[in-house]
Amino acid sequence: MKFGIIGAGRIGKIHGGNIAARRDCKAVYVADADAGAAAALAAETGAKPASVDEILGSKEVDAVAICSPTDTHADLIERSARAGKAVFCEKPIALDVKRIRACLDVVKQTGATLMIGFNRRFDPNFASLRQRIAEGAIGSLEIVSIVSRDPSPPPLSYIARSGGLFRDMMIHDFDMARFILDEEPVAVSAMGSALVDKAIGEAGDIDTAVVIMETKSGKVAQISNSRRASYGYDQRVEAHGDKGMAHAANIRETTVELAGAHGFTSDKVLNFFLERYDSAYRNELDAFVNAVKTGAKPRPDGEDGLRANILADAAYQSWKTKQRVAVG
């Protein structure tokens with residue numbers, strides 16, 4: 001399968017490297033607003049620098065990996081779908097639910113394959129936790145707790161165009177909650193503050209938040225986010241049921257633990273998402289390639305992207321109004 005990569009930033013490098021490493025895939029073109037970045041990633045992957053128009057107009061390209069800024073995603077999905085390309089797009093599809101629905105209408109009309117990059121579904125630990133829950137290991141699921149904390153906040157320039165913590169950062173956790181609950185939340189309550197950096201608050205965003213969601217059957221999910229964790233990239237999930245509990249812990253630099261008069265010590269957790277989700281990104285690409293080759297419906301798909309955004313919007317409204325919000 002031959003790919004055109006749109007976006008040569010950090011996430012484009014991840015996907016580009018994984019594509020180039022596969023025997024059944026090839027990166028043929030790379031496009032980016034920064035010509036130097038496009039040329040550098042093209043050299044790394046054996047591709048050629050190109051424009052978006054060249055990628056979409058090429059009969060050689062089977063699929064497009066959209067790794068560009070969020071505000072370009074919906075337009076690029078539509079253009080790629082109309083050009084007959086299979087589409088892998090990083091989250092989110094757009095920041096506005098109406099824009100997402102319009103984009104998905106184009107995908108449906110063209111019959112294009114679309115997969116959204118919620119890579120955490122493909123983390124071996126989280127995937128195993130979900131499988132064990134589905135197999136009844138903890139009985140009837142009652143509550144899911146998700147912790148997601150970054151080691152430090154992104155630049156303010158990123159915050160300004162990110163769509164806010166709920167739509168940018170916590171959207172991964174909204175998808176993970178849906179993935180594990182296997183049931184749609186119908187109500188959301190959110191609280192949040194700017195405690196890490198006052199400038200984030202001045203920009204109209206928050207850096208610390210907690211969300212509680214409830215499904216129709218009464219299952220509960222709680223999510224804790226922070227833009228700061230002094231000890232590294234904190235990524236944990238716990239699920240509790242009537243017969244037990246399942247827990248996916250942080251991954252550390254090594255599994256070595258020392259014990260002495262001082263107590264027990266262990267190595268730090270991995271520092272950032274590049275290391276923590278390295279295998280998840282590869283597994284995600286496996287799933288996309290398999291879906292394109294077999295004609296199977298990819299997951300997470302556009303509808304998953306839409307549902308996560310709807311939850312993010314509900315959380316934002318709850319935070320602003322300080323009230324519980326029903327999810328439509």
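For the ring-ring contact (aromatic ring centres under 6.0 Å, His included) test, no residue two or more places apart in sequence or in another chain qualifies with F174. In terms of the ring-ring contact (aromatic ring centres under 6.0 Å, His included) criterion, F122 has no residue partners (sequence neighbours excluded). Shown here are the ring-ring contact (aromatic ring centres under 6.0 Å, His included) partners of H73, two or more places apart in sequence or in another chain: there are none. Annotation: side-chain hydrogen bond (donor to acceptor under 3.5 Å, both in side chains) contacts of K297 (sequence neighbours excluded): D301.
Side-chain atoms of D304 do not come within 3.5 Å of backbone N or O of D175 as any donor-acceptor pair. Side-chain atoms of S318 come within 3.5 Å of backbone N or O of Q323 as a donor-acceptor pair. Although no hydrogens or angles enter the test, the distance criterion places no donor-acceptor pair under 3.5 Å between the side chain of E214 and the main chain of A187. At least one donor-acceptor pair closer than 3.5 Å links the side chain of K91 to the backbone N or O of D168. D207 contributes a side-chain N or O that, together with a main-chain N or O of V196, makes up a donor-acceptor pair within less than 3.5 Å. Side-chain atoms of K219 do not come within 3.5 Å of backbone N or O of L141 as any donor-acceptor pair. In this structure, the side chain of R132 does not engage the main chain of A246 through any donor-acceptor pair within 3.5 Å. Under the 3.5 Å distance criterion, the side-chain polar atoms of N250 are matched with a main-chain donor or acceptor of Q235. Using a distance-only test at 3.5 Å, with no hydrogens or angles considered, no donor-acceptor pair links the side chain of Q317 to the main chain of A314.
For the residue pair A177 and I146, the shortest heavy atom distance occurs at N-CD1, 3.7 Å. The heavy-atom pair separating C103 from E78 by the smallest distance is CA-OE2, 3.3 Å. T72 and P69 get closest at one heavy-atom pair: OG1-O, 2.6 Å. Summarising the geometry of A38 relative to A31, their closest heavy-atom pair is CB-C, 4.3 Å, with the distance given to 0.1 Å. A pairwise comparison of heavy atoms in A190 and A315 identifies CB-O, 3.3 Å as the closest pair.
Pairs passing the side-chain hydrogen bond (donor to acceptor under 3.5 Å, both in side chains) check and including a residue from residues 48-59, sequence neighbours excluded, read S51-E54, D53-R79.
For the 3.5 Å distance criterion, the side chains of T70 and R161 fail to qualify, holding no donor opposite an acceptor. For D267 and T254, the side-chain atoms include at least one donor-acceptor pair closer than 3.5 Å.
In this structure, L165 CG and N225 CG are separated by 5.0 Å, a value rounded to the nearest 0.5 Å. Within the model, atoms CG of D205 and CZ of F166 stand 8.5 Å from one another, a figure rounded to the nearest 0.5 Å. Between K268 atom NZ and Y231 atom OH the span is 13.5 Å, to the nearest 0.5 Å. Rounding to the nearest 0.5 Å places CD1 of I212 at 10.0 Å from CZ of R324. Distance check: I116 CD1 to I171 CD1 gives 9.5 Å after rounding to the nearest 0.5 Å. For the atom pair S80 OG and D75 CG, the distance stands at 10.5 Å (nearest 0.5 Å).
Electrostatic pairing of E257 and R252 does not count as a salt bridge here, judged by no charged N lying under 4.0 Å from a carboxylate O. Ion pair D123/R276 flagged as a salt bridge, since at least one NZ, NE, NH1 or NH2 atom sits closer than 4.0 Å to an Asp/Glu carboxylate oxygen. Salt-bridge check for K2 with D62: failed, with every basic side-chain N at 4.0 Å or more from each acidic carboxylate O.
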Side-chain atoms of residues 14-23: list all donor-acceptor pairs with protein atoms under 3.5 Å, sequence neighbours left out, distances to 0.1 Å.
unit_1: H15; atom_1: NE2; unit_2: E90; atom_2: OE2; d: 2.7
unit_1: N18; atom_1: ND2; unit_2: I14; atom_2: O; d: 3.3
unit_1: R22; atom_1: NE; unit_2: D24; atom_2: OD1; d: 2.9
unit_1: R22; atom_1: NH1; unit_2: D286; atom_2: OD1; d: 2.2
unit_1: R22; atom_1: NH2; unit_2: D24; atom_2: OD1; d: 3.4
unit_1: R22; atom_1: NH2; unit_2: D24; atom_2: OD2; d: 3.0

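Shown are R307, R167, K320; of these, the salt bridge (Lys or Arg N to Asp or Glu O under 4.0 Å) with D313 is made only by R167. Partner S145 forms a side chain to side chain donor-acceptor pair (under 3.5 Å) with one of Q222, H240, H247, E238 and no other, that one being Q222.
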Exercise. Going through the distances and angles, do D278 and R282 end up as a salt bridge (Lys or Arg N to Asp or Glu O under 4.0 Å)?
Worked result: CA-CA 7 Å; D278 179 62; R282 292 195 300 271; 2.4 Å; yes

For this session: May I have the step-by-step check of side-chain contact (heavy atoms from CB on, under 4.5 Å) for E284 and M115, ending in yes or no?
Result: CA-CA 10 Å; E284 181 180 57; M115 181 171 168; 3.8 Å; yes

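Other residues, nucleotides and ligands place more than 12 heavy atoms under 6.0 Å from the CE atom of M245.
A cation-pi arrangement is not found for R10 relative to Y281, the charged atom failing to lie both closer than 6.0 Å to the ring centre and inside a 45° cone about the ring normal.
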